[in-house]
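For ligands, and for the atoms within them, numbers begin at 1 and follow the listed sequence.
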Amino acid sequence: MTDLYAQIIKMIGKAKDIAVYCHTNPDGDTLGSALALYASMKKIGKNVSIYCDCPVPSKYNCLYLSEDIAFPSKGSHDLAISVDCAGIDRLGQCMKSYLSAKEQIAIDHHKTFARFADTCLVEICAACSQIVYKLLKQMKIIDRNIASLLFSGIVTDSGCFAYSSVTQETHKIACELLSYEFDAAKVIYDVFTGSELAKFKLKTRVLSKTRFFEDNRVAVILFTKEDFEETETDISCTEGIIAELIAINDVQVAYSLAEASTRSYKLSIRTKSPVDASDIAMTMGGGGHNRAAGCRINGFAEDVIEKIVKAAKDRI
Ligand SMILES: [Mn+2]
């Protein structure tokens, strides 16, 4: 056990009141990591809360204890732990609550991690849930429910073990988790493969309008407010659709632009080697990984598209 793991276990042991924080627009990894920590803290008798600054997408309602996720009200905690947040802005409106705790820990796996806590446990790997697994394994606290949460996080962030971020350690951890005998095929269907009909309608509508640039090496999809209204979906339903673009042989850089508010878009970026997605995101104030990254971008849709296509063109 490295000193950092020992130190965090000590900090957890000492704290009576602990808060665990997911990132805004939560995905399976931040939820799996945070809920696994939350369930573990509960198990050892801590007074523990779990927070997110926006509602959890309905596809994750299947996750153990997800109904306990709340928005922080007044009152501060002994110890605040953020998971899967590369920067403090990822906490969104939970930032104040996080900073008001007596001590902060950040657990993350992004290469663009910007240090924002006194204690940072950061390893570059396929999912933050891998790091949380190693921590909870040391604490000898993992059970069937906790294992299924960590597995959910790994499955979603690794594209079900398909991405280049997946290593021997990813598979080794998944293998150890499977020994807890939860229904792994059901978890994969629930958090990865399965889709609601409304999302299917959104997906087919938007993909049919995919735009290609630079000899089909750059692909862009745009989700507008009307797309969400007409299909009775919201921005959380855009997750994963970009995978269809980067799966096209010719495409080197894929973009998904989703209208979050007037002239403000959530940009997701996927790339093939050697184009670095986090490099593109960082020039626009965001961050992420080599193959997957994102940021917020403002402007008229056509201007934004011109800007991001240029950023891709400069790198392919
Ligand atoms: Mn993650």
Exercise. Does Val275 offer a backbone N or O that forms a donor-acceptor pair with the side chain of Gln252 under 3.5 Å?
Worked result: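 No; judged by distance alone, with no hydrogens or angles, the pair does not exist.
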
For this session: Considering just N/O/S atoms, say which atom of Asp84 is closest to the Mn ion (ligand 1).
Result: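 That would be atom OD1.
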
Taking 2.8 Å as the cut-off, does an N/O/S atom of [X] lie below it from the Mn ion (ligand 1)?
| X | answer |
| --- | --- |
| His109 | yes |
| Asp157 | yes |
| Asp29 | yes |

Exercise. So does Asp78 pair up with Lys102, basic N to acidic O under 4.0 Å?
Worked result: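 Salt bridge flag = yes for Lys102 with Asp78.
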
For this session: Work out which heavy atom in Tyr163 is nearest to a heavy atom in Asp157; give both atom names and the distance.
Result: CD1-O, 3.3 Å

For this session: Grab the two heavy atoms, one from Glu239 and one from Pro26, that are nearest each other, plus how far apart they are.
Result: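 Closest approach of Glu239 to Pro26: OE1-O, 4.4 Å.
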
